Amino acid sequence: MMMTETVSLLSVPFGYGAGRHGSEMGPQAIFNAGLMRQLSELQIPVQDEGPLTVPQHYNSTHPRLKYFHEIIELNTNLAAKVSEIVARNSFPLVLGGDHSIAIGTYAGLAQHYKNLGVIWFDAHADLNTEDSSPSGNIHGMSLGVGLGRGPDLLTQIKGAGPNLKPENIVLIGTRQLDAGEKEYIRSSGIKCFTMHDIDRKGMSNVMDEAMSIVTRGTDGVHLSFDIDSLDPLEAPGTGTKIPGGVSYREAHFALELMYESRKITSAEFVEVNPSLDAGNKTARLTVELIASLLGQRIL
Ligand SMILES: NC(=[NH2+])NCCC[C@H](N)C(=O)O
Ligand SMILES: [Mn+2]
Ligand SMILES: [Mn+2]
């Protein structure tokens, strides 16, 4: 919680953007892992917005964009809900779901913030297009949509694009890029802190640089946190695991620094997939990470 009082918890039990089933059960797993208890220990006033209604599967059959129509419908509804939360001056905390729901989140935010900074914590860049995507899974395209780069119909969701600016975006934890994404990152100038950069500079310097980029000339900062940014040894419950990720301590430290900055104005945690988890380890980790973002301290 950074600039507002209440945290509005919005569950989005939706997984059609991912290649594997299960992330639609993410919000329930995160609640089961003790989210409400953790927030009450932090004495944070919470408004539970309940789960967003998700569209039924009506067999949308776009050849290269899987569940295209469901994703449009979901994100249209999500954008309206997020916008309403911001209008109430509450802090939107969105629980996914797969990363395609980021489209609806920033579409809702864009109705209030004209120059939104975005921190995209992820093993991936999610900057694919219909043509560059190796999978057709829209969770791999969701950041691109906000830059006007994604599939046309998606960018036409109210607020969805192109409302984000490359110079206001930082990627952190990146370690798997498809060819088209690399090219776009280089040509657009999006700042990308790969695992190599984290190893070389340390998370402390990376976060200092990242915060200075996303706060320069912006009127809000959104954190989009894909749990696959963490090393799969820490976070096995996710659908696209890439080895060599952010450590447990680095992730907490980054989130603690974001809290200290008091600049974050909204957040989402996505890609927790309980059907791939070891017990409920990844969901429990997510609860702890949320706590760090919201001010939990060791002492
Ligand atoms: N949000 C995610 N986990 N994205 C994974 C994307 C993987 C790959 N780049 C693709 O486009 O299919
Ligand atoms: Mn992602
Ligand atoms: Mn990812």
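Just so you know, these numbers come straight off a predicted model, no measurement behind them. Ligands are counted one by one from 1 in listed order, and the atoms in each one are counted from 1 as well.
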Distance-only, no hydrogens or angles: does the [X] side chain make a donor-acceptor pair with backbone N or O of [Y] under 3.5 Å?
{"X": "Arg64", "Y": "His62", "answer": "no"}
{"X": "Arg175", "Y": "Ser229", "answer": "yes"}
{"X": "Glu181", "Y": "Asp178", "answer": "yes"}

Quick one, Met141 with Thr129, criterion side-chain contact (heavy atoms from CB on, under 4.5 Å). Give me CA distance, side-chain angles, the key distance, then yes/no. CA-CA 6 Å; Met141 311 178 198; Thr129 63; over 6 Å; no
Name of the residue among Asp226, Ile227, Asp98 meeting side chain to side chain contact (heavy atoms under 4.5 Å, CB included) with Val272: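 That would be Ile227; it is the only one of Asp226, Ile227, Asp98 passing the side chain to side chain contact (heavy atoms under 4.5 Å, CB included) with Val272.
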Using a distance threshold of 2.8 Å, what protein N/O/S atoms lie below it relative to the Mn ion (ligand 3)?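 The answer is Asp122 OD1, His124 ND1, Asp226 OD2, Asp228 OD1, Asp228 OD2.
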Determine whether Phe225 and Leu294 fall in the same hydrophobic cluster, where Ile, Leu, Val, Met, Phe, Trp and Tyr are linked whenever their side-chain heavy atoms lie under 4.5 Å apart.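 Both belong to a single hydrophobic cluster.
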His99 and Trp120: aromatic ring centres closer than 6.0 Å?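 Ring centroids of His99 and Trp120 are less than 6.0 Å from each other.
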Does the side chain of His124 pick up a donor-acceptor pair with the side chain of Asp122 at under 3.5 Å?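 Yes, because at least one side-chain N or O of His124 sits under 3.5 Å from a partner of the opposite role on Asp122.
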Name the residues in contact with ligand 1, where contact means a heavy atom under 4.0 Å away: which are they?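 Contacts of ligand 1 under 4.0 Å: His99, His124, Asp126, Asn128, Pro134, Ser135, His139, Gly140, Gln176, Asp178, Asp226, Asp228, Thr240, Glu271.
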With a 4.0 Å cut-off on N to O distance, would you call Arg37 and Glu41 a salt bridge?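 No, this pair does not count.
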